[in-house]
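Report on the following structure.
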Amino acid sequence: MKPFHILIPCGGTGGHLFPGIAVAEKLIEKGHHPLLILSDKTVDREAIKNKKNIAWDSLPVAGWPGLFSSKIISFSIKLFDGYKKCRSIFLSFKPDLILAFGGFISALPLFMGAKRKLPLLVHEANAVPGLVTQLFFKRADFVLLGMEECEIPLTPDKKIFTGIPIRKELCRLPRNEACQRTGLEPSRKTLFIFGGSQGASGINRLMLQLLPLWIEQKETIQFIHLTGPNDYEDCLKAYSSYGYRVVVEPFSHRMNLYYSLADLVISRAGAMTLTEICAFGLPSILIPYPYAAHDHQTKNARVLAKEKAAFVFEESKTTPQSLKEAIDLILNSSQLAKEMGAAAHALFKADATDKIVEIIERCLLKKEN
Ligand SMILES: CC(=O)N[C@H]1[C@@H](OP(=O)(O)OP(=O)(O)OC[C@H]2O[C@@H](n3ccc(=O)[nH]c3=O)[C@H](O)[C@@H]2O)O[C@H](CO)[C@@H](O)[C@@H]1O
């Protein structure tokens, strides 16, 4: 097959960007030329910085602020600049197909791709379709679903359940090796806490309130806590003041080490995070972000809860005591932990990347003929 140019808008947040990276790496392996379109946000720069082999550009656009928002003027200016930049990317890169992973960054490339009658693929990671999917699903050649539960009013031949592509470096390491590389101990129970790609102040707050309750288990437990940029110092100080064994980072590129060590994950319920929990077959306690659009994180979390793979806690009703009870229940019952992990692993679609690349190539061949 001749090499094609594939434009992949996937910036704005780790949950969109990491699947884009996974597909881009596979496309490069197959001799194609992908170009990722990112946003100007720090999280995008952080996530792409170790991927020197992947070409990317960025658009200066912002998310839709709402019609009556005071940010509507700055949104419009950015949209105009974004339009000009996007047009120049189309002129120089000459894409053959657009694969969009949703989020505000996808709208302009999909719009321009549609105007040029290019094949369009829209990947919807969540259990509820986001704004971009709602705007473009009718025009897309195929909508690719991260979760089968996502309802989109299309005939079954137009929507394909692919799952969510996972970065190839996210593979399990032996516990001893992961401990050596993190300074943690293999014999201790390990809680892995994080809040998606940008941290979660709600989860950080709950954990800080919880820390005094574990003092008696201090010698048998250890923590890995990715805080996001805002609460890093406070969290680090709190763990140190109680003398816990812990790794605290604002953002980490060592997710494979941490998933390999985790006995239990406590996290938000972003779609990419859930896919990774399932890939590693881990039990989890999910605290969905309460302000996510259409409460999609709660619906994502329910997909795991329905299979008894995760406990779901509503942030506003969660107390440190209720959270600790659930954590202790899972950590103290290896049978329960094993069953939850196995239920999570059964939900994992290991061939998501291959399937998406196959669909891309099928669309390109059809366009050629
Ligand atoms: C608040 C909100 O609306 N968040 C959305 C956003 O979340 P967000 O960007 O947080 O995405 P996810 O939770 O799905 O994924 C987070 C990703 O960041 C990685 N990671 C995280 C922390 C870290 O230190 N290092 C690191 O590499 C994780 O391994 C994972 O790959 O996009 C997701 C995909 O559409 C949605 O499901 C989420 O609901």
Side-chain angles (χ1 to χ4, degrees), residues 9-22 38-39 41-51 63-64 100-106 122-133 144-147 149-150 163-171 192-204 224-232 235 247-260 262 265-280 282 284 286-304 315 352:
C10 60
T13 177
H16 296 142
L17 183 50
F18 289 125
I21 288 177
L38 312 185
S39 76
K41 285 165 78 177
T42 318
V43 62
D44 287 12
R45 297 290 182 278
E46 185 63 45
I48 196 75
K49 79 175 183 200
N50 295 336
K51 297 286 178 185
W64 171 240
F101 279 95
F104 58 88
I105 208 78
S106 295
V122 173
H123 185 274
E124 176 52 69
N126 296 292
V128 182
L131 185 59
V132 164
T133 304
L144 313 175
L145 302 180
M147 297 193 187
E149 289 69 9
C150 181
I164 304 177
I166 186 166
R167 286 171 282 168
K168 63 178 182 206
E169 59 267 32
L170 287 190
C171 47
F192 179 23
I193 306 124
F194 69 104
S197 56
Q198 296 170 77
S201 55
I203 292 184
N204 294 341
I224 299 162
H225 192 149
L226 308 178
T227 59
N230 297 334
D231 301 326
Y232 170 68
C235 288
V247 172
V248 186
E249 285 186 72
F251 182 88
S252 179
H253 289 279
R254 312 199 299 169
M255 296 299 281
N256 63 327
L257 292 180
Y258 301 154
Y259 282 125
S260 299
V265 176
I266 300 171
S267 70
R268 289 293 192 212
M272 186 76 258
T273 294
L274 300 190
T275 302
E276 293 165 6
I277 288 172
C278 293
F280 281 81
L282 293 169
S284 57
L286 305 173
I287 309 174
Y289 177 56
Y291 309 106
H294 309 297
D295 199 17
H296 68 257
Q297 288 209 351
T298 301
K299 284 156 194 138
N300 290 350
R302 281 196 198 129
V303 174
L304 269 69
E315 185 172 303

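For ligands, and for the atoms within them, numbers begin at 1 and follow the listed sequence. Counting from 1, the numbers follow the sequence of the chain as shown.
- Of the candidates E149, M147, H296, H296 is the only one forming a side chain to side chain contact (heavy atoms under 4.5 Å, CB included) with V128.
- Contact residues for ligand 1 (protein heavy atom closer than 4.0 angstrom to any ligand atom): T13, G14, G15, H16, F18, N126, R167, G196, S197, L226, F251, S252, M255, G270, A271, M272, T273, E276, Y289, H296, Q297, N300.
- In this view, S267 and F194, V265, T273, I277, L286 satisfy the side chain to side chain contact (heavy atoms under 4.5 Å, CB included) rule, not counting sequence neighbours.
- By the side chain to side chain contact (heavy atoms under 4.5 Å, CB included) test, T227 is found to be paired with N204, H225, Y232, C235, V248, P250, residues two or more places apart in sequence or in another chain being considered.
- Residues passing the salt bridge (Lys or Arg N to Asp or Glu O under 4.0 Å) test with R302: none are found, sequence neighbours excluded.
- Using a 4.5 Å heavy-atom cutoff, the side chains of H253 and E46 are in contact.
- In this structure, Y258 and E249 have side chains that are in contact, with non-hydrogen atoms separated by less than 4.5 Å.
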